[in-house]
Trainee: 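One structure coming up, written as structure tokens, with questions to follow.
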Amino acid sequence: MFTRFLLVAVLLLSVVTGARHVLATKQTLQASAEILVLTHANVIDGVSAQPLRDATVIVRAGRIESILTDTTSTPANATVIDLQGRWLLPGLIDAHTHIADLAAARAALASGVTTARNMGIPHFTDIGMRQLHRNGRIDLPEMLSAGYHLYPQPAEGLFLDFPQFHDLLAGLSGAENLRRVTRAQIERGVDFIKVNATDRAGQAQSDPRKQLFSEAELTTIVEEARRSNIFVAAHAHGDEGALAAVRAGVRTIEHGTYLSEATLDEMKRRGTYLTPTIATMAEMLEPRNGAALQLRGKHMVPRLREATAMAWRKGVKLLAGTDTDYGETSNFRLAHELMELQSSGVTPMAALQAATSVAAECFGLAQRTGSIKAGLEADMIVIERNPLDQLGNLQDVLLVINNGRIAINRLR
């Protein structure tokens, strides 16, 4: 009996010792690869008014350790990349996406998006992607999930995921029902709640000006979300529905095509953000969408550009969102939305901040990401040419650093 016990003890000790050796070896290898030094970088940090020229950025253990302009030495065992005057920016934050699978998530990352707010896909797939990212998959962006839209006729997937809501198959309305669905999605782990305050624009039979929920119903959603420190985003084209959402306390208005001066003033007063998604609205003008949507687009796109310009002049904080799924047929990226913002009067630096530090501030992530600042996660991208000269330069991303590790390297 004692011999058997001794044998088991020896085996256990061997396993533990071996595991410790493997762990120590892994930690040693990680330590040698965890220090990344980027030299001769022109840095747009996401918050400063001017770039920092010829800087060195040191990354250690996934975080930005320092940004220096007067050093020639580098830490031992560091991986050093000479950027040769290329441009280093924070990883981009796409404030409005519909990424539904891993291939699309990787496509978003390849375009420089290291954080994406996903605004509605079936079956909480984005929560799975979020967890994969947090488990160390650097080939995926950080994902913020809004779950299912709160819409008078919810998506079929809502009832497959929550069969207890069978009584709402005929339609979703009323404060208590909206509270139930909001609470269920929060319990599933969403980061945001999305509500359709007005109808959609991309369906020929819908009326995008039509208000779908009352201010009282919208207030119920916001109150329920606040109990869990969750923000609410409101899809709103029409001004009446948008104003009701703003008064209810939503964090962001998505689209905002017909926003009036009075509603924008209220947004400014309350600190409500606007995500115009101009580039995707302009897609309605494509011949493949049919005559009805083309005609709608010819009216709506100029109005959205006008509303965006007015929001900028009034000081309403803007976010950059594509409203794309990054799938195989998606033919525009966040760079195109930034170009649209600039065409609406936004300065190039402010447009970049709409896709970096301002978005991080809106989403409660400013202490983690959104700028190149000591102590933050090292989410950064490198491009060849100065984006302040031409925002279209963001279309060619050469290097993506995600959580301090190189995810994509196209430097030559």
Trainee: Using side-chain contact (heavy atoms from CB on, under 4.5 Å), reason through Val382 and Leu83 one step at a time and then give a plain yes or no.
Mentor: CA-CA 8 Å; Val382 173; Leu83 294 183; 3.9 Å; yes
Trainee: What distance separates Asn177 CG from Leu168 CG, expressed to the nearest 0.5 Å?
Mentor: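 Here the rounded value is 4.5 Å.
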Trainee: Is there a side-chain contact (heavy atoms from CB on, under 4.5 Å) between Ile93 and Thr356? Walk through the geometry before answering.
Mentor: CA-CA 6 Å; Ile93 301 176; Thr356 55; 5.5 Å; no
Trainee: Which one of His96, His255, His98 satisfies the ring pair (Phe, Tyr, Trp, His ring centres under 6.0 Å) criterion with His235?
Mentor: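 Of the listed residues His96, His255, His98, the ring pair (Phe, Tyr, Trp, His ring centres under 6.0 Å) partner of His235 is His255.
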Trainee: One pair to check against side-chain hydrogen bond (donor to acceptor under 3.5 Å, both in side chains): Thr275 and Glu254. What are the steps and the verdict?
Mentor: CA-CA 5 Å; Thr275 315; Glu254 308 299 306; 3.2 Å; yes
Trainee: Report yes if the side chains of Val195 and Leu218 come closer than 4.5 Å at any heavy-atom pair, otherwise no.
Mentor: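 The answer is yes, as the side chains (C-beta and beyond) meet within the 4.5 Å cut-off.
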Trainee: Would Phe231 and Phe363 satisfy ring pair (Phe, Tyr, Trp, His ring centres under 6.0 Å), going step by step from the backbone distance to the final call?
Mentor: CA-CA 8 Å; Phe231 294 129; Phe363 303 158; 8.5 Å; no
Trainee: Working to the nearest 0.5 angstrom, can you tell me the gap between Ile81 CD1 and Arg86 CZ?
Mentor: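 Rounded to the nearest 0.5 Å, the CD1-CZ separation comes to 10.0 Å.
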Trainee: Name the one of Met300, Lys210, Arg209 that satisfies side chain to side chain contact (heavy atoms under 4.5 Å, CB included) with His237?
Mentor: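 Exactly one candidate clears the test, Met300.
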Trainee: Is it true that atom CD of Glu156 has more than 12 heavy atoms of other residues, nucleotides or ligands lying nearer than 6.0 Å?
Mentor: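 No, not enclosed.
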Trainee: Taking it one step at a time, do Val222 and Arg226 satisfy side-chain contact (heavy atoms from CB on, under 4.5 Å)?
Mentor: CA-CA 6 Å; Val222 171; Arg226 280 179 178 165; 3.5 Å; yes
Trainee: So, do Arg200 and His149 sit near enough that their side-chain heavy atoms are less than 4.5 Å apart?
Mentor: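 Answer yes - side chains close enough.
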Trainee: Let's go through Met281 and Thr257 carefully: what are the C-alpha distance in whole Å and the side-chain angles of both, what is the deciding distance for side-chain contact (heavy atoms from CB on, under 4.5 Å) to 0.1 Å, and is it a yes or a no?
Mentor: CA-CA 9 Å; Met281 291 292 291; Thr257 304; 3.9 Å; yes
Trainee: So, does Trp87 use its side chain to make a donor-acceptor pair with the main chain of Ile383 at under 3.5 Å?
Mentor: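 No; judged by distance alone, with no hydrogens or angles, the pair does not exist.
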Trainee: State whether the side chain of Asp94 and the backbone N or O of Thr322 hold a donor-acceptor pair below 3.5 Å, judged by distance alone.
Mentor: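 Confirmed, Asp94 side chain pairs with Thr322 backbone.
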Trainee: For Gln164, is the CD atom crowded, meaning more than 12 foreign heavy atoms sit under 6.0 Å from it?
Mentor: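 Yes, the 6.0 Å shell around CD holds more than 12 heavy atoms from other groups.
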Trainee: What's the separation between atom CD in Gln50 and atom CG in Asp45, rounded to the nearest 0.5 Å?
Mentor: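 Separation between the atoms: 11.0 Å.
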Trainee: Within the supplied structure, the quantity of interest is the number of heavy atoms (other residues, nucleotides, ligands) at a distance under 6.0 Å from Glu240 CD; does it exceed 12?
Mentor: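 Counting neighbours around CD of Glu240, 12 or fewer heavy atoms of other residues, nucleotides or ligands fall under 6.0 Å, so no.
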Trainee: Give a yes or no on whether the backbone of Val397 and the side-chain of Arg410 come within a donor-acceptor separation of less than 3.5 Å.
Mentor: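 Indeed, once roles are kept as given, a pair shorter than 3.5 Å links the two residues.
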Trainee: Just how far is it from atom CG of Leu394 to atom CG of Leu352, taken to the nearest 0.5 Å?
Mentor: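 If I round to the nearest 0.5 Å, the distance is 6.0 Å.
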Trainee: With salt bridge (charged side-chain N to carboxylate O under 4.0 Å, His left out) as the criterion, how do Asp396 and Arg385 come out once you've worked through the C-alpha distance, each side chain's angles and the decisive distance to 0.1 Å?
Mentor: CA-CA 9 Å; Asp396 187 22; Arg385 297 180 176 181; over 6 Å; no
Trainee: Above 12 or not: heavy atoms from other molecules or residues under 6.0 Å from NZ of Lys298?
Mentor: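 12 or below, so no.
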Trainee: Please evaluate residues Tyr148 and Phe124 with respect to the criterion ring pair (Phe, Tyr, Trp, His ring centres under 6.0 Å), reporting the C-alpha separation (whole Å), side-chain torsions for both, the decisive distance (0.1 Å), and the verdict.
Mentor: CA-CA 8 Å; Tyr148 287 94; Phe124 302 99; 5.4 Å; yes
